[in-house]
**Student:** 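What follows is a structure written as structure tokens; I'll ask about it next.
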2 protein chains.
Amino acid sequence: MPKPDGDPTVSLELSVDRSSPVPLYFQLSQQLEAAIEHGALTPGSLLGNEIELAARLGLSRPTVRQAIQSLVDKGLLVRRRGVGTQVVHSQVKRPLELSSLYDDLEAAGQRPATKVIVNTLVPASAEVAAALGVAEDSDVHRIERLRLAHGEPMAYLCNYLPTDLLELETGQLEATGLYRMMRSAGITLHSARQSIGARGAIAVEAERLAEEEGAPLLTMQRVTFDDTGRAVEFGTHTYRPTRYSFEFQLLVRP
Amino acid sequence: MPKPDGDPTVSLELSVDRSSPVPLYFQLSQQLEAAIEHGALTPGSLLGNEIELAARLGLSRPTVRQAIQSLVDKGLLVRRRGVGTQVVHSQVKRPLELSSLYDDLEAAGQRPATKVIVNTLVPASAEVAAALGVAEDSDVHRIERLRLAHGEPMAYLCNYLPTDLLELETGQLEATGLYRMMRSAGITLHSARQSIGARGAIAVEAERLAEEEGAPLLTMQRVTFDDTGRAVEFGTHTYRPTRYSFEFQLLVRP
DNA sequence: AAGTGGTCTAGACCACTCG
DNA sequence: GAGTGGTCTAGACCACTTG
């Protein structure tokens, strides 16, 4: 009698606090995620059916489904009709979900060291104006930062921002990071349009990054939008490929 | 009396077919997406409240919510409590969602021309064995392909696959593409772990891509997993950065 | 105060998978 | 045939935003 994979029962300590302001489905999904993360729910194991799980927790089935669905969307669980819900077993799960690509978005500037080289207002070039959706030659913030790791330059970041969004203090930029500052200013980030490429370093880039002219560089351009569709940031970044690469996990949409 | 933005009413032809096997929420989300795409729902316009929409269509509110939620997940709509549901206005919406990164996953090989250079079995190296989760020196498929655009080489793709998954006919590979073949073989793709970087071309790479030695190349490595967590493909790709870059849209998770 | 989305319930029937 | 997830209903109360 071959078991499907792992343990079909769930003898897990799950409970919800109805007096908490945290939604019930969210409490459940957090507990399940934690159980997966620290191994209480092993890869391939079945979760037990939704009805029984709902009964055990005193929840309705839709609430339990909502919790499970959020983990399916994260790629941690897989549902199969007629079979059940299983924990995905993918090698190296945790550390790879939020990696550099998103990390840049989430915690830009959080790295060991970031040095602000330029923080000024400039008239928008045609390219910048088009990206940010502002008038050409109107003033925009221009920030240039050097990111260091272990004392070595890793990346050179050049960003443009509209002037009416937030204050950009150099000290805070180095301590807090750009994206965190935008969030604190009440900006709700929604999406970003990215382009990743490569090219040989021109003289000034080579000097900034302690490379030689013509050395391969990894490049990234990004325009970030808030939830009203307004462009809130345009960035042109160059990375030393020996020190940095983009690593991330991609979920295939069903 | 300043309107929030756009038209707060929805005078749209929406209807569902209850005799169809297509789920009601999916019928609705498709119609809404189509309306957004061809401009019937303009960016910034409000969708009208869920209750009224449900009543108008003869659906329950949860069903309408499910339809709306799927479009929120795609980044096409934004919900604000106390306000309503609005169409996001982001510049260039359609063509950028499925771009090269996913395109590679979805339709690899669909490009103007793909030439299969190598299609053979080889013993797995340590790196390949680790990526695919097979024993070292056990046989694996090795495929090398040259991708051309307008007669010029654009990328060189080297892929490894376990032997027990599918047949790999060279003709079909050139006509259909690797990912399509995997799907046809009943493999449900789930996620991929990617790494994008850059480096100078070594001699053999330079020759393949008609570049010079040391020229900057864009590189991508990927391991793809099916929904059981099994590694189904490992690929090492090199791109000519003057002909190819990775472009994609990133949604910020709430 | 009115209107919106956010959450939740307690059922129901169906489609699919598997033994 | 038994068990699973997939879909759907008709309500309910709450939290938040806005005028």
**Student:** OP1 or OP2 of dT4(C) versus the side-chain N and O atoms of Thr85(B): is any pair under 4.0 Å?
**Tutor:** no
**Student:** Do side-chain atoms of Gln221(B) reach the backbone of Gly235(B) as a donor and acceptor pair under 3.5 angstrom?
**Tutor:** no
**Student:** In whole Å, I'd like the distance from the CD1 atom of Ile51(A) to the C1' atom of dT9(C).
**Tutor:** 13 Å
**Student:** Check whether any side-chain heavy atom of Leu161(B) lies under 4.5 Å from a side-chain heavy atom of Val232(B), and answer yes or no.
**Tutor:** no
**Student:** Please determine, for the side chain of Arg65(A), which listed nucleotide (dC8(C), dT7(D), dT9(C)) has the closest atom?
**Tutor:** dT7(D)
**Student:** Between Leu59(B) (CG) and dA10(D) (P), how many Å, whole number?
**Tutor:** 10 Å
**Student:** Under 4.0 Å: is that the gap between some side-chain N or O of Arg18(A) and OP1 or OP2 of dT9(C)?
**Tutor:** yes
**Student:** Specify the residue among Arg79(B) and Arg81(A) whose closest nucleotide of DNA chain C lies further upstream toward the 5′ end.
**Tutor:** Arg79(B)
**Student:** Select base, sugar-phosphate, or nothing to describe what Pro62(B) touches, counting heavy atoms under 4.0 Å on all strands.
**Tutor:** base
**Student:** Just to confirm, is there a sub-4.0 Å distance from OP1 or OP2 of dG3(C) to any side-chain nitrogen or oxygen of Asn49(B)?
**Tutor:** no
**Student:** We want to know whether Asn159(B) and Arg145(B) form a side-chain donor-acceptor pair, criterion being a heavy-atom distance below 3.5 angstrom.
**Tutor:** yes
**Student:** Send over the distance from Asp227(B) CG to dT17(C) P, rounded to a whole Å.
**Tutor:** 12 Å
**Student:** Can you tell me the distance, in whole Å, between the CZ atom of Phe26(B) and the P atom of dT7(D)?
**Tutor:** 10 Å
**Student:** Measure CD/Glu50(B) against P/dG6(C) and give the value in whole Å, please.
**Tutor:** 7 Å
**Student:** Do the side-chain N or O atoms of Thr63(A) get closer than 4.0 angstrom to the phosphate oxygens (OP1, OP2) of dT9(C)?
**Tutor:** yes
**Student:** Give the rounded distance in Å between these two atoms: CD of Gln86(A) and P of dC18(C).
**Tutor:** 11 Å
**Student:** Let me know the distance between CD of Gln66(A) and P of dG6(D), rounded to the nearest Å.
**Tutor:** 15 Å
**Student:** Just N and O in the side chain of Tyr25(A): are any of them under 4.0 Å from OP1 or OP2 of dC8(C)?
**Tutor:** no
**Student:** If we count only N and O atoms by modelled type, under 3.5 Å, do the side chains of Gln69(A) and Arg79(A) hold a donor and an acceptor together?
**Tutor:** yes
**Student:** Using atom CG of Leu24(B) as one end and atom P of dC14(C) as the other, report the distance to the nearest whole Å.
**Tutor:** 14 Å
**Student:** Is the closest side-chain heavy-atom distance between Leu189(B) and Tyr179(B) below 4.5 Å?
**Tutor:** yes
**Student:** So for Arg61(A) and dG6(D), does any side-chain atom that can act as donor or acceptor lie under 3.5 Å from a complementary atom in the base?
**Tutor:** yes
